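Structure record follows, encoded as structure tokens.
Numbering starts at 1 and runs along the sequence shown. Source: prediction; values computed, not measured.
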Amino acid sequence: MRERIAETLGDVHWSDLRAHLARDAVIIVDDALDLLDVGVALAKNDVPTVDAWIRAGKLQKPTTEDLTRWSLDASTRFLAAIVQPFVLIRRPAAKVLS
């Protein structure tokens, strides 16, 4: 299962996420967690582990602020993995303004 999820791992553009955001299927994974570990836990329906991550704020849905910020820069890229019906993403690195 981990290998199957790893095959979906990659960078995606903001525009690639729009349809998934519209169906409320995008989950932000905290940098402290391994994206593949989270994917496996979701795929195995490991409720205690996933609930603990949610309670700790390590898994969350994008906020309105996130969506607004991301939509301002079409070049924003995310590391993502697919675990049907969800798309797991990392927050993009903050851009340094010069």
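- Considering only heavy atoms from C-beta on, I89 stays 4.5 Å or farther from V29 through its side chain.
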Full working for salt bridge (Lys or Arg N to Asp or Glu O under 4.0 Å) between D66 and R91: CA-CA 9 Å; D66 290 328; R91 286 187 186 278; 2.6 Å; yes
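- Linking Ile, Leu, Val, Met, Phe, Trp and Tyr residues whenever their side-chain heavy atoms come within less than 4.5 Å places V83 and V40 in a single cluster.
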Stepwise side chain to side chain contact (heavy atoms under 4.5 Å, CB included) test for T68 and T64: CA-CA 6 Å; T68 299; T64 302; 4.3 Å; yes
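- Looking at L88 and I82, their side chains never come closer than 4.5 Å, going by heavy atoms from C-beta outward.
- Between the CD atom of E7 and the CZ atom of R4 there is a distance of 9.0 Å, given to the nearest 0.5 Å.
- Under the 4.5 Å side-chain heavy-atom criterion for Ile, Leu, Val, Met, Phe, Trp and Tyr, L59 and I5 are members of the same hydrophobic cluster.
- Inter-residue side-chain proximity for Q60 and I54 is flagged as unmet; no heavy-atom pair is nearer than 4.5 Å.
- By the rule that hydrophobic residues join a cluster once side-chain heavy atoms approach within less than 4.5 Å of another member, V26 and L35 end up as members of separate clusters.
- One hydrophobic cluster, built from ILVMFWY side chains closer than 4.5 Å, cannot hold both L42 and I28; they sit in different ones.
- P85 approaches A25 most closely through the heavy-atom pair O-CB, 3.3 Å.
- Using bins of under 30°, 30° to 60° and over 60° for the plane-to-plane angle, the ring pair F78/W14 lands in the tilted bin.
- Side-chain heavy atoms closer than 4.5 Å link hydrophobic residues (I, L, V, M, F, W, Y) into clusters, and following such links, possibly through other members, connects L67 to L17.
- Sorted by first and then second residue, the pairs that involve residues 37-53 and meet salt bridge (Lys or Arg N to Asp or Glu O under 4.0 Å), not counting sequence neighbours, are R2-D37.
- Here W70 contributes atom CH2 and H13 contributes atom NE2; the two are 15.5 Å apart, rounded to the nearest 0.5 Å.
- Annotation: salt bridge (charged side-chain N to carboxylate O under 4.0 Å, His left out) contacts of R77 (sequence neighbours excluded): D11.
- Using a 4.0 Å cut-off between a side-chain N of Lys or Arg and a carboxylate O of Asp or Glu, R90 and D30 do not qualify as a salt bridge.
- Heavy atoms only, all atoms of each residue included: L9 and A81 are closest at CD1-CB, 3.9 Å.
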Worked check of side chain to side chain contact (heavy atoms under 4.5 Å, CB included) between I27 and V87: CA-CA 6 Å; I27 299 172; V87 178; over 6 Å; no
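- For residues 33-61, the set of pairs meeting the ring-ring contact (aromatic ring centres under 6.0 Å, His included) definition, not counting sequence neighbours, is empty.
- The main-chain N or O of D24 is found under 3.5 Å from a side-chain atom of K61 such that the two form a donor-acceptor pair.
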